[in-house]
Amino acid sequence: MVAINNLLDKTKGDRWIWLIIILLSLISIMTVYSATGTIAYNKGIAVEKYLLFKHVIFVVLGIGMIYIAHLLDYKYYAGISKILMIITIPLLFYTLIFGSHINDASRWVKIPVIGLTFQTSDLAKLALITFLARMLTKKQENIKDVKNAFIPIISSVCAVTLLIAIANMSTALMLFGVSILLLIIGRISIKQIAIVSLAGGVLLGTVMMVGPRGETYRSRIKTYLNPESVNSDKSYQADQSKIALATGGFFGKGPGNSTQKYFLPHPYSDFIFAIIVEEYGLFGAITMVVLYLVLLYRCVRIVTRSPKAFGALLAAGLSFSLTIQAFANMAVAVGLGPVTGVPLPLVSMGGTSILFTSIAFGIILSVSKDVEEHVKGKKVVVGEIPVMD
């Protein structure tokens, strides 16, 4: 009991965000347990229990990562971001050439010794957002300088999003959108932002037209816009998700009673929101939307109260990334967008993706902790952000 009290005393940051983290984690465990029934149906109940155990382990590890990340003063992430960018771009190249080829895309890299695979785009999102926050903060005095500010910033955005887009267009588009929002907050001129948007649009459009997965991207958009004119196999996932939504009612079928989990290809990851709605109904859907909206509100509150530009930009970028990803996942499940492979943050099953998402939450809480200390007058914020050169 003493150890738990000591742990709670060291837990800082926005209490609402901590509550949302716990609630999303509990929802994740319950829904993943139900959704893995399709695997149990095909491979046996032992596999289902193994996957649930594995998922629970990663959820617990994720909460541990949040706790550790929030203890570190957020200013040190400025220096860490530079190291991450140095690692990220070569790693994205490596993934495209030597990465594990799953579902016609090279997005995964296997970690030596332990054998786990992770999507390098998860690391790239964290690296680019923290790096942009650092660059925009450092360049504020000459933010309109094209050579010394604009070019280094646009180069990092275009390089990372282009390398991600080749294998994962949906993630690249969301990361590009978050980057544009950060540029606006960081006082980049409208003219320069228009140039970035145009350059990014041309690059991503080129990938969609002539890239190795261009046909897949175009097919998904065509299926979404004209579902009646394509083979039913192409709209299968979207159709099964709509059936789950339609049969959920207001309170749903109850935990574990989903039937569409046996038909949806990825009910525990890409389409986990459809399973939530089927089992918990409209009530469950509204609950999920409210949780992510409250998360966004609390994060915006942190941004507006942050005494330093780096903390504000860091919290803004990471919170926008998490909430945009969440609403993109839910939009696909309800038919408001073409099918993508975007997981629901902190809810979908996924090992290393949960850990990277947890680190993002931890960094936001680190900024929140600093805001609390500043407001209470316990901390005087002076000097420049520390940079690890």
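Nearest heavy atoms, Leu264 versus Gln237: CD2-O, 3.4 Å. Here the closest non-hydrogen pair linking Ala309 and Thr137 is C-OG1, 3.9 Å. Annotation for Ala360 and Leu318: closest pair O-CD1, 3.8 Å, computed over non-hydrogen atoms. The two residues Val371 and Arg305 have their closest heavy-atom pair at CG1-CB, 3.8 Å. The two residues Arg213 and Ile166 make their nearest non-hydrogen contact at CG-O, 3.8 Å. For the pair Ala167 and Leu96, the tightest heavy-atom approach, listed with the atom from each and the gap, is CB-CD2, 4.0 Å.
In summary, Asp370 and Lys75 engage in a salt bridge, as defined by a charged side-chain N under 4.0 Å from a carboxylate O.
Remark: Ile286 pairs with Leu282, Val290 by the side chain to side chain contact (heavy atoms under 4.5 Å, CB included) rule, at least two apart or across chains. The side chain to side chain donor-acceptor pair (under 3.5 Å) check on Ser197 picks up nothing, with sequence neighbours excluded. By the side chain to side chain contact (heavy atoms under 4.5 Å, CB included) test, Ile17 pairs with Asp14, Ile21, Leu295, Arg298, Cys299, Ile302, Phe361, Ile364, Leu365, sequence neighbours left out. Taking Thr171 as the reference, Asn168 meet the side chain to side chain donor-acceptor pair (under 3.5 Å) condition, with sequence neighbours excluded. Annotation: side chain to side chain contact (heavy atoms under 4.5 Å, CB included) contacts of Tyr224 (sequence neighbours excluded): Pro338.
Sorted by first and then second residue, the pairs that involve residues 85-99 and meet side-chain hydrogen bond (donor to acceptor under 3.5 Å, both in side chains), not counting sequence neighbours, are Thr95-Thr120. Evaluation of the salt bridge (charged side-chain N to carboxylate O under 4.0 Å, His left out) test over residues 309-323, restricted to residues two or more places apart or in two chains, returns none. Screening residues 272-293 for salt bridge (charged side-chain N to carboxylate O under 4.0 Å, His left out) gives Lys253-Glu278 as the qualifying pairs, with residues at least two apart or on separate chains.
Going from atom OG of Ser170 over to atom CD of Gln325 covers 9.0 Å, rounded to the nearest 0.5 Å. If you take CZ on Phe310 and OG1 on Thr130, they are separated by 7.0 Å, rounding to the nearest 0.5 Å. Rounded to the nearest 0.5 Å, atoms CG (Leu84) and OH (Tyr77) are 10.5 Å apart. Atom CG in Asn329 sits 14.0 Å away from atom CD1 in Ile324 (nearest 0.5 Å).
A donor-acceptor contact shorter than 3.5 Å links the side chain of Ser81 to the backbone of Ala78. At distances below 3.5 Å, not a single donor-acceptor pair connects side-chain atoms of Ser321 with backbone N or O atoms of Gly317.
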N/O donor to acceptor pairs below 3.5 angstrom from side-chain atoms of residues 347-354, sequence neighbours left out:
from   : atom 1 : to     : atom 2 : distance (Å)
Ser348 : OG     : Ser269 : O      : 2.7
Ser348 : OG     : Leu344 : N      : 2.8
Thr352 : OG1    : Thr117 : O      : 3.3

N/O donor-acceptor pairs under 3.5 Å from side chains in residues 203-212, not counting sequence neighbours:
from   : atom 1 : to     : atom 2 : distance (Å)
Thr206 : OG1    : Val202 : O      : 2.7

Name every donor-acceptor pair, under 3.5 Å, that has one atom in a side chain of residues 148-160 and the other anywhere in the protein, sequence neighbours excluded.
from   : atom 1 : to     : atom 2 : distance (Å)
Asn148 : ND2    : Asp145 : OD2    : 3.1
Ser155 : OG     : Ile151 : O      : 2.6
Ser156 : OG     : Ile153 : O      : 2.7

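Following chains of ILVMFWY side-chain contacts shorter than 4.5 Å, one cannot reach Leu198 starting from Ile193, and the two form parts of different hydrophobic clusters. Residues Val303 and Phe131 are members of separate hydrophobic clusters, defined by side-chain heavy-atom contacts under 4.5 angstrom among Ile, Leu, Val, Met, Phe, Trp and Tyr. Hydrophobic clustering keeps Ile86 apart from Val109 (ILVMFWY residues linked when any side-chain heavy atoms are closer than 4.5 Å, directly or through intermediates). Phe271 and Ile243 are not part of a single hydrophobic cluster, where members link through side-chain heavy atoms under 4.5 Å apart.
With side-chain heavy atoms closer than 4.5 Å counting as contact, directly or through intermediates, Ile68 stands alone and belongs to no larger hydrophobic cluster.
Atom OH of Tyr297 is surrounded by 12 or fewer heavy atoms from other residues, nucleotides or ligands within 6.0 Å.
Side-chain contact between Phe320 and Ile185 is present, with at least one heavy-atom pair separated by less than 4.5 Å.
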